[in-house]
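One structure is given below, encoded as structure tokens.
Fair warning: this is a prediction, and the values are worked out from it, not measured in the lab.
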2 protein chains.
Amino acid sequence: MLSQTEENYLKALFHLTSETANKSETGTNELAAALNVKPATANDMLKKLKEKKLINYEKYGKVSLTAAGRRQAIEVVRKHRLWETFLYEKLQFSWDEVHEVAEQLEHIYSPKLIEQLEKFLGYPEFDPHGDVIPNAKGELKLQARKTLSQVMVGKSCKLVAVKDNSASFLQYVVKVGLGLSSKIKLISRQEFDGTTEIEVNGKKSMVSQKFADNIFVV
Amino acid sequence: MLSQTEENYLKALFHLTSETANKSETGTNELAAALNVKPATANDMLKKLKEKKLINYEKYGKVSLTAAGRRQAIEVVRKHRLWETFLYEKLQFSWDEVHEVAEQLEHIYSPKLIEQLEKFLGYPEFDPHGDVIPNAKGELKLQARKTLSQVMVGKSCKLVAVKDNSASFLQYVVKVGLGLSSKIKLISRQEFDGTTEIEVNGKKSMVSQKFADNIFVV
DNA sequence: TAGTTTTGTTAGACTACCCTAACTTTATAT
DNA sequence: ATATAAAGTTAGGGTAGTCTAACAAAACTA
Ligand SMILES: [Mn+2]
Ligand SMILES: [Mn+2]
Ligand SMILES: [Mn+2]
Ligand SMILES: [Mn+2]
């Protein structure tokens with residue numbers, strides 16, 4: 001069985017090399033940054049994960065998950081998202097509170113627990129942030145979606161998910177009047193820095209490029 | 001914040017020095033045995049816990065929890081029993097399956113989670129094994145109860161809790177036809193080894209002294 | 001193409017938790 | 001009261017995961 005730490009590294013690799021990130025491999029420094037450790041530390045773990053055949057990696061080369069590594073990573077993501085859904089749906093947590101606790105709960109080992117939890121929640125498809133919950137087989141349908149920053153001025157779209165899961169970002173999203181399924185109209189965008197004016201429920205707001213990069217819409 | 005390991009040591013100390021155990025202090029070897037580690041390992045931790053003022057301990061002396069240590073231990077017990085109740089009541093776990101998973105869940109840190117979980121469960125008083133769930137203040141009402149081995153021949157009693165929480169014991173209990181609230185009649189007891197004949201729902205069974213020591217009744 | 005910057009690796013050290021083997025202290029039993 | 005047994009401690013060592021500092025390779029840039 002994998003340690004919590006190993007699971008966290010695999011999950012980080014999954015997020016850094018997924019469709020969402022638009023690339024299929026990453027590097028030591030990026031991985032280290034994602035996990036808030038130093039590159040030397042990440043390097044040690046890369047050797048270990050390679051030894052366990054969970055990643056593809058050669059000294060000074062790029063890093064990617066093997067099929068086995070991806071399978072393990074997806075299991076962690078599945079547990080994370082099911083727990084977030086539980087906290088949100090059953091325990092009245094707000095969507096900016098669920099992530100932190102799910103970071104702990106995702107490491108609980110018990111196949112029966114996850115199976116029963118999923119059943120208890122009614123086999124949910126999405127977590128509170130709009131992300132797809134992988135099924136028990138590790139299958140994960142990818143969503144056709146783009147970021148708010150990719151939407152053209154004048155067009156309208158619907159918020160389907162958020163990229164960043166931090167409480168500070170999510171609270172900001174709420175403050176702007178947004179939530180899952182919000183309808184957003186693009187009023188204007190500055191060429192210079194990508195600052196965008198949007199309209200939500202008749203209310204206009206200015207949001208940064210960075211903000212728009214973290215909002216997924218269809 | 002305490003590590004999982006420290007929490008496990010405090011919880012073990014709590015169980016070894018509680019009313020149920022009929023003593024208020026314990027020793028290095030007993031503690032080590034309870035945690036499946038060697039005495040040398042337990043000794044290291046005793047020094048550490050003393051340093052943190054969570055236990056009363058002097059070299060070669062007996063060990064007991066300080067008020068602060070007891071408070072922490074009870075919090076772990078509270079979480080353990082609430083999670084067991086959740087698994088049993090909401091996720092269709094059987095009473096012999098809950099303990100193992102609760103051993104992991106009891107270490108999740110989130111005051112809001114426990115508060116909401118308790119509310120979600122309807123502020124339960126007892127866990128699936130009949131043990132009292134401490135309240136949020138760390139208060140824990142002690143139960144007037146004795147073991148089946150203390151009941152006199154000819155008397156009847158009601159099963160209110162089990163001492164051992166292992167799957168093997170609990171499955172055995174079920175096999176004998178027992179569960180929480182079962183009415184038990186004491187038919188006979190051998191002087192020699194304490195083997196006892198009991199009657200449950202008209203069905204007679206022979207149980208060992210050890211078995212009877214692990215059944216709490218009123 | 002030759003710096004220079006970025007990225008990645010290695011060596012050595014630290015903490016937490018665990019072990020074995022040897023030792024010391026305390027308790028028990030003649 | 002002494003010998004033996006039981007309980008407890010210490011010394012030294014291992015692994016996992018982290019760090020800093022020094023170094024090596026690759027990528028970029030002028
Ligand atoms: Mn999350
Ligand atoms: Mn999420
Ligand atoms: Mn239990
Ligand atoms: Mn219990």
Would you mind classifying the nucleic acid contact of Thr5(A) as base, sugar-phosphate or nothing, using non-hydrogen atoms under 4.0 angstrom? sugar-phosphate
Short N-O contact, Lys23(A) and Glu30(A), less than 4.0 angstrom: yes
So, the side chain of Gln104(B) versus the backbone of Tyr109(A): is there a donor-acceptor pair under 3.5 Å, distance only? yes
Can you tell which of dT10(C), dT18(D), dG8(C) lies closest to the side chain of Ala40(A)? dT10(C)
Check the distance between dT25(C)'s C1' and Tyr57(B)'s OH and give it to me in whole angstrom. 12 Å
So if I take every side-chain heavy atom of Asn29(A) and compare against dG8(C), dC19(C), dT10(C), which nucleotide ends up nearest? dG8(C)
Lys47(B) vs dT10(D): side-chain N/O to OP1/OP2 distance below 4.0 Å: yes
Expressed in angstrom and rounded to an integer, what is the separation of Leu31(A) atom CG from dT7(C) atom C1'? 13 Å
Counting side-chain heavy atoms from CB outward, which of dA24(D), dT18(D), dA11(D) is closest to Asp44(A)? dT18(D)
Starting at CD of Glu58(A) and ending at P of dG8(C), how long is that distance when rounded to a whole Å? 15 Å
Side chain of Val37(B) only, heavy atoms from C-beta on: which candidate in dC19(C), dT10(D), dA21(D) is closest? dC19(C)
Which whole-number value in Å describes the distance from Leu46(A) CG to dT7(C) P? 15 Å
With a 4.5 Å heavy-atom cut-off, do Leu46(B) and Thr28(B) have their side chains touching? yes
Any salt bridge between Arg145(B) and Asp131(B), counting N to O under 4.0 Å? yes
Write down the distance between CD (Gln4(A)) and P (dT15(D)), rounded to a whole number of angstrom. 22 Å
Can you see if the side chain of Tyr9(B) gets near the phosphate of dC18(C) - specifically, an N or O under 4.0 Å from OP1 or OP2? yes
Any side-chain heavy-atom pair of Phe211(B) and Asp164(B) under 4.5 Å: no
When the distance from CG of Asn43(B) to C1' of dG12(D) is rounded to whole Å, what number comes out? 15 Å
Closest nucleotide of DNA chain D for Lys59(A) versus for Ser3(A): which of these residues is on the 5' side? Ser3(A)
Give the nucleotide from the list dC19(C), dT9(D), dG8(D) with an atom nearest to the side chain of Pro39(B). dT9(D)
What is the distance, to the nearest angstrom, from the CE atom on Met45(B) to the P atom on dC19(C)? 12 Å
From NZ of Lys38(A) over to P of dT9(C), roughly how many Å is that when rounded to an integer? 17 Å
